[in-house]
Peer 1: 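Structure in structure tokens, see below.
Within every chain, numbering begins at 1; the chains are lettered A, B, ... in the order of the sequence lines, protein sequences first and strands thereafter. Computed from heavy atoms alone, side chains included, the values below leave out hydrogens, waters and symmetry copies.
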2 protein chains.
Amino acid sequence: MASSIHDLARHLNISIGTVSRALNGRADVNADTRQRVLAAAKQLNYSPNQSGRSLRQGATHSIAFMLQPHPDDQQYGEPFFIPFLTGLQARLAEYDLDLMVVMGEPGQYQQERLRRVVETRRADAVVLANTRREDDRIDYLSKAGFPFATLGRSQSGDDTYPSLDIDFERAGDEAVDRLVARGHRRIAAIRPSLDLNFGYLFLDGYRKALKRHGIEVDPGLIADGFINEAGGYQVTPRVMLSKDRPTAIIFNNDAMALGGCKALAEMGIRPGHDIAVIVIVDTPLCRYFSPALTAFRPSLEPMGRRLAEMLLASLPAFAGPEGTRIIREVWPLELIARDSD
Amino acid sequence: MASSIHDLARHLNISIGTVSRALNGRADVNADTRQRVLAAAKQLNYSPNQSGRSLRQGATHSIAFMLQPHPDDQQYGEPFFIPFLTGLQARLAEYDLDLMVVMGEPGQYQQERLRRVVETRRADAVVLANTRREDDRIDYLSKAGFPFATLGRSQSGDDTYPSLDIDFERAGDEAVDRLVARGHRRIAAIRPSLDLNFGYLFLDGYRKALKRHGIEVDPGLIADGFINEAGGYQVTPRVMLSKDRPTAIIFNNDAMALGGCKALAEMGIRPGHDIAVIVIVDTPLCRYFSPALTAFRPSLEPMGRRLAEMLLASLPAFAGPEGTRIIREVWPLELIARDSD
DNA sequence: CGTTTTTCCGTAAACGTTTACGACAACACA
DNA sequence: TGTGTTGTCGTAAACGTTTACGGAAAAACG
């Protein structure tokens with residue numbers, strides 16, 4: 001049986017109120033008694049019951065991370081999230097906050113899981129990933145007045161929540177830039193068909209760069225597919241059968257790139273030789289693939305830490321002296337040049 | 001402001017006791033009142049405050065998953081855990097249990113995190129991963145009488161906790177079998193140097209199979225290294241420089257295999273041609289590597305679900321009519337034959 | 001009709017904290 | 001000596017539940 005604050009108080013012949021104040025560093029407690037309480041706490045191996053303080057304080061001291069699986073994706077964007085989670089949880093731990101991971105089946109069910117977290121107050125705030133362009137989770141949380149932050153932007157909600165995103169627009173732009181500089185003018189773009197916001201941002205950058213280089217955007221070179229290997233495999237031939245064959249492809253997802261390369265191989269087209277391939281976003285798979293795929297890499301672990309900070313800055317309970325701030329950031333990607341372009 | 005059980009009771013002109021009983025499906029409540037309570041709960045959008053019930057019931061309704069990073073591994077065994085976590089959390093969700101993920105810095109610090117979870121009762125039970133042969137976390141939890149289950153076996157503790165592991169021994173055995181059948185007799189084994197239990201199991205199987213085939217175990221063909229790519233890169237040349245060069249290598253970790261293949265490439269030795277390579281355990285990287293690596297694959301998601309079931313069966317609060325049972329299982333791996341052997 | 005049983009519900013305590021409030025002593029000051 | 005201030009602590013309420021207990025009414029039984 002674990003020791004409670006009552007045991008501690010009894011052991012010290014002191015009231016539980018004083019014990020609590022001593023433990024919580026309140027000012028109105030004698031320095032000497034504080035020492036005795038601290039010593040006794042260590043000796044009796046006391047630590048405050050979390051449920052008790054949660055109830056009293058109305059705060060659970062835990063943050064929920066919602067990993068919404070794509071309907072297409074069997075792997076939950078696999079390699080992407082672990083480093084991000086690592087960073088997120090590391091920073092949260094510094095503030096004595098726990099990390100709750102909520103997944104769930106693809107589709108509508110996720111909303112149920114989210115409601116449950118919010119309504120039963122299992123977490124003090126929520127971190128959303130896989131943001132859609134129109135994201136009902138964001139609408140719901142905004143309306144409910146529940147604190148949250150997002151990894152990725154969205155068009156839903158006003159800008160009253162912290163968000164951290166990768167600069168997909170710039171990555172699309174830079175990818176085109178790089179390819180044009182290497183003599184390409186027929187550049188295809190393949191992205192997920194879902195409403196994921198980054199797909200739009202990427203295409204914006206792609207178009208902008210083409211325009212800047214005086215290259216007309218050919219709709220036949222733009223294709224959408226399932227956000228998985230099969231999707232890339234399925235949709236890549238479509239752009240390759242375009243009248244005027246592309247000499248380069250930018251994939252807006254690593255799994256799709258892998259599937260696309262498989263399709264290319266079957267057509268006898270070798271990435272790095274017969275066609276240039278660039279991937280947004282890099283994962284370990286890109287590095288070990290043959291040929292190693294040139295890709296844009298995010299700093300996932302620092303991003304996790306940063307989003308934690310941004311979320312905390314928006315929570316009154318954690319906001320510094322400057323008060324509650326809503327921060328929104330867009331981070332650049334780093335180009336990792338490999339053998340595929 | 002969220003509605004409490006008091007609001008509900010006031011709204012219905014009924015006592016909170018009755019409301020609670022109605023909501024919790026207790027028998028001693030009129031069918032009619034129960035309907036009214038349920039309807040009102042839906043209408044007022046009531047759901048019970050989690051902290052409140054936790055405090056009263058002495059149960060948090062959440063399970064902590066401890067992901068202890070290897071000191072060597074920058075990636076937290078990256079691809080391995082997401083599918084496992086997916087299965088684990090899916091099954092837990094069916095029982096209305098939350099999943100808390102606890103990571104932490106490598107080494108001793110993890111113990112602190114574990115103590116915190118246990119002592120502040122932030123979770124009802126713990127799931128351990130990356131079990132060591134001698135695992136002080138297991139000792140601690142056993143001594144504290146805190147419920148837990150492990151992914152992976154250990155020599156620590158008695159067998160009074162549920163555990164689910166992969167049959168590394170059999171995989172090592174089968175790998176040797178396969179290689180011998182293909183004419184190999186000089187077979188190297190490379191495994192992590194840490195105290196991870198699976199490294200021992202693997203080597204047992206490896207030795208047993210060699211003995212069965214009448215092949216003498218050559219210590220020069222067995223090497224340990226850091227459990228990461230650099231470790232494989234570093235240690236592979238050592239076995240290759242053995243007097244009588246091996247014609248096959250079994251890697252007991254995917255990252256080490258990748259590093260090992262890099263070393264082999266630099267020595268002009270091509271896996272699949274000049275040497276046979278088999279990996280335990282398979283990850284997506286093995287599949288996309290060139291040549292694609294033959295590997296033993298676990299069923300991670302089902303394993304996650306299964307371990308959840310086993311843990312729950314050991315918890316009095318969830319145990320079925322048959323009572324609290326400690327279950328220990330060892331699951332086989334499936335050989336995925338590719339191009340490297 | 002009296003007695004026993006059953007059905008249903010209200011009361012109140014308890015879980016372990018935190019914190020507003022007030023009390024008391026000690027001390028300073030006039 | 002009286003008044004005000006400061007430092008320290010105890011008391012008790014509150015957070016939102018669940019549940020043991022008892023009681024009243026209704027039903028069943030003789």
Peer 1: Counting only side-chain nitrogens and oxygens, does B/T18 get under 4.0 Å of the OP1 or OP2 atom of C/dC9?
Peer 2: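 No.
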Peer 1: Quick one: pull up CZ in A/F146 and CZ in A/R137 and give me the separation to the nearest 0.5 Å.
Peer 2: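 Result: 14.0 Å between the selected atoms.
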Peer 1: Quick one: is C/dT18 close enough that its OP1 or OP2 comes under 4.0 Å of any side-chain N or O from A/R53?
Peer 2: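 For C/dT18, OP1/OP2 do have a side-chain N/O of A/R53 under 4.0 Å.
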Peer 1: Measuring to OP1 and OP2 of C/dT18, would you say a side-chain N or O of A/S20 lies under 4.0 angstrom away?
Peer 2: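 Looking at the OP1 and OP2 atoms of C/dT18, one of them is under 4.0 Å from a side-chain N or O of A/S20.
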Peer 1: If you measure from the Lys or Arg side-chain nitrogens to the Asp or Glu carboxylate oxygens, is any gap between A/E309 and A/R305 under 4.0 Å?
Peer 2: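 Looking at A/E309 and A/R305, the cut-off is not met.
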Peer 1: Less than 4.0 angstrom between a side-chain N/O of B/S4 and OP1 or OP2 of D/dC15, yes or no?
Peer 2: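 Looking at the OP1 and OP2 atoms of D/dC15, neither is under 4.0 Å from any side-chain N or O of B/S4.
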Peer 1: For the pair A/D165 and A/R153, find out whether any cationic side-chain nitrogen is under 4.0 Å from an anionic carboxylate oxygen.
Peer 2: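 Answer for the salt bridge query: yes.
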Peer 1: Using a heavy-atom cut-off of under 4.0 Å over every strand shown, decide if B/I14 touches base, sugar-phosphate, or nothing.
Peer 2: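 Sugar-phosphate only.
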Peer 1: Do the side-chain N or O atoms of B/R21 get closer than 4.0 angstrom to the phosphate oxygens (OP1, OP2) of C/dC8?
Peer 2: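 Indeed not, no polar side-chain atom of B/R21 lies that close.
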Peer 1: Start at the 5' end of DNA chain D and walk down; is the nucleotide closest to B/N49 or to B/D28 reached first?
Peer 2: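 Result of the comparison: B/N49.
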Peer 1: Any donor-acceptor pair under 3.5 Å joining the side chain of B/R56 to the base of D/dT17?
Peer 2: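 Counting by modelled atom types and ignoring angles, no donor-acceptor contact under 3.5 Å is found here.
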Peer 1: How large an angle, rounded to 10°, do the end axes of the helix from C/dC1-D/dG30 to C/dA30-D/dT1 enclose when each is built from five base pairs?
Peer 2: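 Helix axis angle between the two ends: 50°.
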